[in-house]
Amino acid sequence: MKPELWKQRHYDRAALFKRLFKHRIVDPILGCWLWPFVNDSGYGQMHFDHHRHKTSIRLHRLIGWLYLGYGAEPDLEIGHKCDVKNCFN
């Protein structure tokens, strides 16, 4: 995602959350929330339209933006305890 798009708050956050929870798969053993749509590297990826432009984003970056307010800093690493690439819990 282009860095300038992160600064714009034109997204329907409620619709993004609804979509996230509609498609998540909960791993009963690890407690991971798994995203079923992954890229070639195994990371969860979401595609959506932003002002009529197709955009894709790795899910862990989207979660960092939605929950933690992170921007699109290219050198920022967002990780979590389980290290499961398509987990977004």
Within the structure provided, determine whether Asn89 and Ile63 are in side-chain contact (heavy-atom separation under 4.5 Å). no
When rounded to the nearest 0.5 angstrom, what distance separates CD in Gln45 from OG in Ser56? 4.5 Å
Out of Trp33, Phe88, Trp35, which residue meets the ring-ring contact (aromatic ring centres under 6.0 Å, His included) rule with His23? Trp35
So does Leu34 get a backbone contact from the side chain of Asp27, meaning a donor-acceptor N/O pair under 3.5 Å? no
Under a single-linkage definition using a 4.5 Å side-chain heavy-atom cutoff for Ile, Leu, Val, Met, Phe, Trp and Tyr, are Ile57 and Phe37 assigned to the same hydrophobic cluster? yes
Indicate yes or no: at least one non-hydrogen side-chain atom of Tyr43 is less than 4.5 angstrom from one of His60. yes
Does the side chain of Met46 come within less than 4.5 Å of Arg58's, by heavy atoms? no
How about Val26 and Cys32: do any of their side-chain heavy atoms sit closer than 4.5 Å? no
Evaluation steps, side-chain contact (heavy atoms from CB on, under 4.5 Å), between Asn86 and Leu59: CA-CA 8 Å; Asn86 65 325; Leu59 205 66; over 6 Å; no
Single-linkage hydrophobic cluster, 4.5 Å side-chain cutoff, Leu16 and Phe21 together: yes
Exam field: side chain Lys85 to backbone Ser41, donor-acceptor pair closer than 3.5 Å: yes
